[in-house]
Each structure stands twice: as C-alpha cells, then as structure tokens.
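Worth saying up front: this structure is predicted, and the values here are computed from it rather than measured.
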Amino acid sequence: MASQGPIPLTPREALSGILGSVSMTCWIFLLVPQLIENYRNGNSDAISLVFVIIWFVGDIANLLGGVLSGLVPVIVAIAIYFCIADGVLISQCLYYKLRNVRHEAHRRTRSLSGTPDPTTPLLGRRFSDTVAPRTRRRSSGSLRGYQNPGPRDGSAEDPLAKILEESEFGRKAWVKNFASVLGVFVIGLVGWTMAWRTGMWEPAPLDSPTAPDQAASGQVLGYFSAVCYLGARLPQIYKNYTDKSCEGLSLLFFILSLMGNLTYGAGILAHSTERAYFVTNLPWLIGSLGTIAEDVIIFAQFRLYTVPGAVIV
C-alpha cells in the first residue's frame, strides 16, 4: 500500500536524518577552504600528498563497502562525494607540484646559461611582498627581539600597533570560522527538512535484504577503509611536526572534517543501537569517530606552531 504524505518520524529517526544531512554538508564544503588556501599560496606544499592519496583509497573502499553492505542511502551518497572531492584536491596538488617543478627547472636553465630571468623579480615579490603578512608570522617572532622599532615617525613599524592589528585579524578569523560552522548546521538542517517534506528522504528500514556474501565483502572493505582513514592523517601529522609549521593548511578544513566525522558517526548511532545494526556499521563508526583523536592532534599543532595573534583561516 502506498503511503500518503510524509512518513511519520520518531525523534531518533529525525535526529539521524538531520545529523546525516549536516555531515553531508560538511563534506560538500570541506575542501573549499583548503583549495582557496592553496590558490592563495600558489602551491600545495603544506598538504601531504600521501595523506590525500591514502584518504582517497579509503573513500573508494568506503563507497564499495557501503553499497555491498546495503547501508542507508545518505551514507552511500556521502561516500560518492568523498571520492569526487578527493579527486579535486589531488588534481590541484599535482598541478601545483608539476607547475612549480617546471618553474624551478626553467629558472635553473636560465641561471646556468647566464641569461637573466625576467620573472625573478615578479616571483620574488609574490613570495616576499604579497605573502609576507602570512609567511612572516613565524619569522617575525624570532626577529622581533633583534629589531629596534625606532621612533613613531612612520619609518618603522610600531610593535603595539602590530599586536593590536594581529589580534583584530585573529578575532575576525575565529568569527569567520564560527560563522562557517553555524552556516553548515543551518544548511544541513534546512536541506534535510526540504528533503523530508518533499518525500526525497524517508527513514531507512533496519532490516537489510543484502545477501550474506555481499554483506561480508562490504564488511571487509569497510574495515579496510577504516584502516586507511586512521592511517591517512599520520603523514600529515608527521609533516607538520618535521616542518614545525601548519602554515598553508586551512584550520577550517580540519574543523569541517571533525564535524563531518562526528555527525556521520552520531547519525549512524541515532538510527539504531541494536547489536546486529551496530556490528554491520562498526567499520564506518571506527573510520569516522576514530579519526577525531587525530584531528585533535592537528588542532594542537596549529596552536603549537602558530605565533600568537597570527591569522588562522
């Protein structure tokens, strides 16, 4: 018998749907801050390519495992978008790496031939003048003790004015990040409400008609994707540690990742906590909730390696 009107919802089903929608919104906007950051810097050196590639492999396994296990449609939809988003970021990283290698090879060729490189002043301005307010946030701390600020005649920078300016920009950056997070929640809530009202979304049944062999294959792929997710951030954490810097990384990128993983796992648990359902979704719970601890480490690195008052976007 065909149902008439929206399917009645229990509070848990509504919460599961909302959390899933918020999670999907996080992943939709996840890469935007980092893509913009790479574009501003003209490179993607801050991102560990190994991190992104392992993440991509995990997303492929996550997608295949979700389909074979017959998971709820929102999980499969998020997995599809994961793969698309990873491809975009990997493409940008490879583009900048290849472009910068060509620029460096061209510069060395001109240097060996004795021909002046007409682009040298321009490149110098790009990385010293244009990016100076961002890249000097580490060096300014070490040089501040050796520089005489001089008289306040406009010939030298006033340290107090610089501190106040940095604090203002820092507050604006945090306000911007908070507004972005709030906007993601609002978009996710509105999106779910519209999908439910129009019949595009409805509660998923707890029982799954998936064949046993498909479910087993899905579980194997799910655990493999969880291992990839847990291991993917390790190269990035190590790179931040060796560089003693998070410059070039977008803090909002990792905030959205944390939110996406948290709402993703919470949405699964809100749907059901029955043992059979929990066991079926255990790989995806490990892959989502398990990476939160690693994200916290990256947040600590942002705090540790950033000069107080610097802009974090």
Taking atom [atom1] of [X] and atom [atom2] of [Y], what is their separation to the nearest 0.5 Å?
{"X": "Asn62", "Y": "Cys83", "atom1": "CG", "atom2": "SG", "result": "7.5 Å"}
{"X": "Ile268", "Y": "Leu285", "atom1": "CD1", "atom2": "CG", "result": "4.5 Å"}
{"X": "Gln92", "Y": "Asn43", "atom1": "CD", "atom2": "CG", "result": "9.5 Å"}
{"X": "Cys246", "Y": "Leu304", "atom1": "SG", "atom2": "CG", "result": "8.5 Å"}
{"X": "Leu258", "Y": "Leu30", "atom1": "CG", "atom2": "CG", "result": "11.0 Å"}
{"X": "Gln301", "Y": "Leu249", "atom1": "CD", "atom2": "CG", "result": "9.0 Å"}

Quick one: does [X]'s side chain have a donor or acceptor within less than 3.5 Å of a partner on [Y]'s backbone?
{"X": "Ser16", "Y": "Gly267", "answer": "yes"}
{"X": "Glu294", "Y": "Gly231", "answer": "no"}
{"X": "Thr198", "Y": "Met194", "answer": "yes"}
{"X": "Thr25", "Y": "Ser21", "answer": "yes"}
{"X": "Ser44", "Y": "Tyr96", "answer": "no"}

Taking all atoms of both residues into account, what is the closest heavy-atom pair of [X] and [Y], and its distance?
{"X": "Ser288", "Y": "Tyr264", "answer": "CB-CD2, 3.5 Å"}
{"X": "Val57", "Y": "Cys228", "answer": "CG1-SG, 4.1 Å"}
{"X": "Gly260", "Y": "Ser23", "answer": "O-OG, 3.0 Å"}
{"X": "Gly58", "Y": "Ser225", "answer": "O-CB, 3.1 Å"}

Regarding [X] and [Y], is there a side-chain donor-to-acceptor distance under 3.5 Å anywhere?
{"X": "Tyr229", "Y": "Asp59", "result": "yes"}
{"X": "Gln236", "Y": "Asn240", "result": "yes"}
{"X": "Ser257", "Y": "Arg233", "result": "yes"}

- Item | Candidate pair Phe56 and Ile90, rule side-chain contact (heavy atoms from CB on, under 4.5 Å), full reasoning | CA-CA 9 Å; Phe56 181 51; Ile90 291 175; 3.8 Å; yes

Is the shortest side-chain heavy-atom distance between [X] and [Y] below 4.5 Å?
{"X": "Leu251", "Y": "Phe299", "answer": "yes"}
{"X": "Phe185", "Y": "Met259", "answer": "yes"}
{"X": "Leu289", "Y": "Asn261", "answer": "no"}
{"X": "His271", "Y": "Glu13", "answer": "yes"}
{"X": "Lys239", "Y": "Leu49", "answer": "no"}

- Relative to the ring of Trp55, is the ring of Trp27 parallel (under 30°), tilted (30 to 60°) or perpendicular (over 60°)?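 Perpendicular, since the angle between the ring planes exceeds 60°.
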
- Message: Applying side-chain contact (heavy atoms from CB on, under 4.5 Å) to Met24 and Ile28, what does each step give before you reach the verdict?
- Response: CA-CA 6 Å; Met24 182 173 239; Ile28 289 175; 4.1 Å; yes

Kindly work out whether a path of hydrophobic side-chain contacts (I/L/V/M/F/W/Y, heavy atoms less than 4.5 Å apart) joins [X] to [Y].
{"X": "Tyr223", "Y": "Phe278", "answer": "yes"}
{"X": "Val50", "Y": "Phe224", "answer": "no"}
{"X": "Leu19", "Y": "Ile286", "answer": "no"}
{"X": "Ile47", "Y": "Ile297", "answer": "yes"}
{"X": "Leu89", "Y": "Leu94", "answer": "yes"}

- Item | Verdict with reasoning, Leu189 to Val22, per side-chain contact (heavy atoms from CB on, under 4.5 Å) | CA-CA 7 Å; Leu189 177 60; Val22 171; 5.5 Å; no

- Item | Pi-cation contact, Tyr95 with Lys97 (under 6.0 Å, within 45°) |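 Because its charged atom misses either the 6.0 Å distance or the 45° angle limit, Lys97 does not stack over Tyr95.
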
